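The figures that follow rest on heavy atoms only: side chains count, while hydrogens, waters and symmetry mates do not. This chain uses plain numbering: 1 for the first residue, then up along the sequence. The model shown is predicted, which means the values in this text are computed figures rather than measured ones.
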Amino acid sequence: MNLLIDTHLILWAAGDPDRLSDAARQFLLDSANELYYSAASLCEITIKRTLGRSDFQIDPRRLWRLLPVNGYRELPVTGEHAIAVETLPWLHKDPFDRLLLAQAQVEGLILLTADRQLAGYGPPVQLI
């Protein structure tokens with residue numbers, strides 16, 4: 001499966017793996033899955049870290065270097081992704097999550113998340 005991993009799952013996998021559900025661990029460790037992270041997640045981490053958010057304290061530069069080493073592929077943000085956000089209903093207000101969903105839809109990826117509100121969109125979002 002081709003999976004886009006949401007920001008919190010990336011943060012938990014990198015810095016607090018005990019927060020991952022068993023299902024999340026299985027998806028992330030299954031070598032048959034192609035794992036993607038979005039450049040938007042790095043932007044979100046950088047912004048929220050500079051704002052002092054305690055749940056965003058991982059160094060984004062270090063994370064960016066380590067994600068590919070751990071089998072993740074970077075998904076750049078394109079104009080097509082940005083414009084696709086317009087078609088989403090307003091079930092979720094977080095602009096980063098909305099962009100991740102738009103990327104998943106455009107690229108044909110499954111978006112893995114632990115966010116119940118984001119999962120309200122249904123496919124391609126997978127709540128784990």
Side chain Q105, main chain P123, donor-acceptor under 3.5 Å: no
Non-hydrogen atoms of A40 and Q103 that approach each other most closely: CB-OE1, 4.4 Å
Minimal non-hydrogen separation, P76 against A39, with atom names: CA-CB, 4.3 Å
V125 and L101, any side-chain heavy atoms less than 4.5 Å apart: yes
Considering all heavy atoms, the nearest F27-L112 contact: CB-CD1, 3.6 Å
Verdict with reasoning, L20 to L9, per side chain to side chain contact (heavy atoms under 4.5 Å, CB included): CA-CA 7 Å; L20 292 170; L9 292 177; 3.8 Å; yes
Pairs satisfying side chain to side chain donor-acceptor pair (under 3.5 Å), at least one member in residues 109-128, at least two apart: D6-T113, H92-D115, R98-Y121
Enumerate, atom names and distances included, each donor-acceptor pair closer than 3.5 Å involving a side-chain atom of residues 83-91, sequence neighbours excluded.
from	atom 1	to	atom 2	distance (Å)
T87	OG1	A84	O	2.8

I45 versus F56, closest heavy-atom pair with distance: CA-CD2, 3.7 Å
Nearest non-hydrogen partners of A13 and L28, listed with the distance: CB-CD1, 4.1 Å
Side chains of E34 and M1 in contact at under 4.5 Å (non-hydrogen atoms): no
Within-4.5 Å side-chain heavy-atom neighbours: Y37 and I5: no
Closest non-hydrogen atom pair between R49 and I58, with its separation: CD-O, 3.3 Å
Criterion side chain to side chain contact (heavy atoms under 4.5 Å, CB included) on L99 and S38, from CA distance to verdict: CA-CA 9 Å; L99 183 53; S38 173; 5.6 Å; no
Do any side-chain atoms of residues 60-69 form donor-acceptor pairs under 3.5 angstrom with protein atoms, and if so which ones, sequence neighbours left out?
from	atom 1	to	atom 2	distance (Å)
W64	NE1	E74	OE1	3.2

Test of ring centre spacing under 6.0 Å for H8 and F96: no
